[in-house]
Amino acid sequence: QFTYHHERHPPHPSTSPPSTMAKPKKFLNDPSNAVDEFIAGLLLQYPNHLRKLANHHVLLHSSFATQQKSNHPNAKSVSLLSGGGSGHEPSHAGFIGRNMLSGAILGGIFASPSVSSILAAIRAVTLPTSQGGKGCLLIVKNYTGDRLNFGMACELANAEGLAVKMVVVADDCALERKKGITGARGVAGTVLVHKAAGGAAGEGMDLDAVVGVAEAVAEGVGSMGVALGAVTIPGAEEVNDRLADTNEEGENMMEIGLGIHGEAGLRQCSLMSCNEIAEEMLKAVQNYGREVDSQIVPLYEAGDELLVLVNNLGGTSNFEMSLLARSLVSQLEKEAGCKATRVLVGSFMTSFDMQGASVSILPLTGKSKDALSLIDADTDAPGWANVDAWTNGAIRPSGTEIDEVLGIASIESGTGTASLPPVLIDNFVDVACTILASSCKALIKAEPLLTKYDTIVGDGDCGITMERGAKEISQRLESGTLRLDHPSQLFADLADAVSASMGGTSGILLELMFRKASTSLLSSTDAEGITSSDMAEAFRSGVEAVSFYGGAQEGSRTMLDALVPASTVLLSGKGGSAAANIGEAAEAARKGVDATAAMDCAEAGRSNYLSKDVLRGTPDPGAVAVAVVLEAMAPIL
């Protein structure tokens, strides 16, 4: 029975004064040449895979370029063609490949291809039966223009001695079964028909058998679409506002059941959550059902294995598509009692820039189950991702997490130092304790000044951030949770304290500095043990880590303007030991601070956004914090 449902443009946008309508934005030259330019772009992307048929908007697999009939692909297997209006990419040219389509006929934007182009494509991929041709199957979506034009080409080809048959796909579950004679629309489930029939042809089945596989999948699959925004076609003068952003109450709107050309669906309603949208889609598909022995039964039942294809209609982010897929599969499995063994998510049949998605569900039962191996067959069609099937076990392998590999510090308490290099610094524990207490006290006292400076040249949180870190270290020092008897462990503990309390860029940079200092003491010391010079080397390694990971350097107007000159002094060897140079290092840091006040540009941090008039005269607060700590250390050492 023929149905009459035109492939057509979306409904015209509602009329409004021209001045209030937004102009569409597209990557576009001349709309009248858009399909030609699209084909040219595909040929650039797939120079070995595709060929264009002369004089027609037809793309073929490159294997049909052969001039020898004995090597013609149709001498070995049934050819498959599909097509329709442009704007549904990757359908249909993206599915040209081994175990899928032999070619695709491209109509104009949302317009059926011509009879002449369809017939030309059939001739290109089909040998006469008298010359050993295996025949050709046309896979057509249920739109009147497509059915009539492909049907006419089919009959003309048969009259020429070519064996051609046609299967119509009508998988959309949005409309009532008895709503007129048009029948359900053909939507994304068509792609599964391409795949199954292509697999059948690839196995060498004859034309009738390939038709049988295609019909089984077409009859078994059900689809449902939703959208958050309407589609605007290239060349349109105005943005399509048929689906309003909000209703009169200001609530965001969406549409349930619209077609792949933006045709109106079941209804428009307030925007729902992802789980609620999935529930609506599944309810519609299940209620529409499928025909078995002249009876309408639910599409799927508890215990069924399912193939679930979640299709991006063009303008939905990959992130949102995964959220929707999770909602759909979760409800199918937990509430319906099914098992989604194959979940495909991506762009299969789009509608230009429509912000929407559809779900196509194929129960893997009966004849559809027989087609499963054909759907799973490998293909090199660029628009198809080979299926990652869940075939064994009660739960998906991906549902079992890999155990976290814990670091040594997480596995053991790590209080012992037997395996660590010995510490050759006199009274290290006492000195370290005094330095930490004094430095934290100085930082806490400096909070108002740091906040003042950062309010001018940053976002105002430097003082509070440094104070939080200082208070956390003080608390851990008083509670005895810092491991003071070895500098490597102490630096690691300081990194943990900073990580737990500071946050922000300053926090992560200081954590990096302490962690690098900790690990450098384990790898760079000599056999005798850790000396003051090793501590200076560790400090330099930490400073270098701040520069490497943060991307700044001395002169960038950051804490490095104090850290770098201080580390240089500590390594200079003046005074005979690194400890004796702390005073000079503090002086060098303070000079670096003063230098930042004279800089009229910043290369990193929030100060990078500010003008020179704002920056000049105010030192970098991070550099000030470094100088404060070193000045607190100097009297002790």
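Please read all numbers here as calculations on a predicted model, not as lab measurements. Atoms considered below: every heavy atom in the structure, side chains included; atoms not considered: hydrogens, waters and symmetry mates.
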Heavy-atom check, side chain of [X] versus side chain of [Y], under 4.5 Å:
X	Y	result
L309	L192	yes
C269	I256	yes
H61	S102	no
L127	K69	yes
M349	K141	yes

Ring centres under 6.0 Å, that's the criterion: do F352 and H88 meet it?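 Ring centres of H88 and F352 not closer than 6.0 Å.
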Evaluate S114 against S117 for side-chain hydrogen bond (donor to acceptor under 3.5 Å, both in side chains), listing each step before the verdict. CA-CA 5 Å; S114 67; S117 289; 3.3 Å; yes
Neighbour count above 12 (heavy atom, 6.0 Å) for [X] [atom1]:
X	atom1	value
D245	CG	no
M321	CE	yes
R51	CZ	no
Q45	CD	yes
D30	CG	yes

With no hydrogens and no angle check, is any side-chain donor or acceptor of [X] less than 3.5 Å from a backbone partner on [Y]?
X	Y	value
D146	N149	no
K26	T232	yes
S79	C136	no

Quick one about [Y] and [X] (side-chain donor to acceptor, distance below 3.5 Å, no hydrogens or angles considered), yes or no?
X	Y	result
S270	E251	yes
H194	S82	yes
N74	T126	no
N275	S327	yes
S223	D171	yes

Pairing of [X] and [Y] as salt bridge, 4.0 angstrom limit:
X	Y	answer
E238	K23	no
R267	E280	yes
E160	R123	yes
E305	K369	no
R342	D376	yes
E263	R242	no

Under the salt bridge (charged side-chain N to carboxylate O under 4.0 Å, His left out) criterion, do R98 and D378 qualify, and how do the steps go? CA-CA 8 Å; R98 176 174 46 82; D378 287 342; 5.7 Å; no
So which atom in [X] and which in [Y] form the shortest heavy-atom distance, rounded to 0.1 Å?
X	Y	answer
K195	L374	NZ-O, 3.0 Å
V164	C154	O-SG, 3.5 Å
S351	G262	OG-N, 4.4 Å

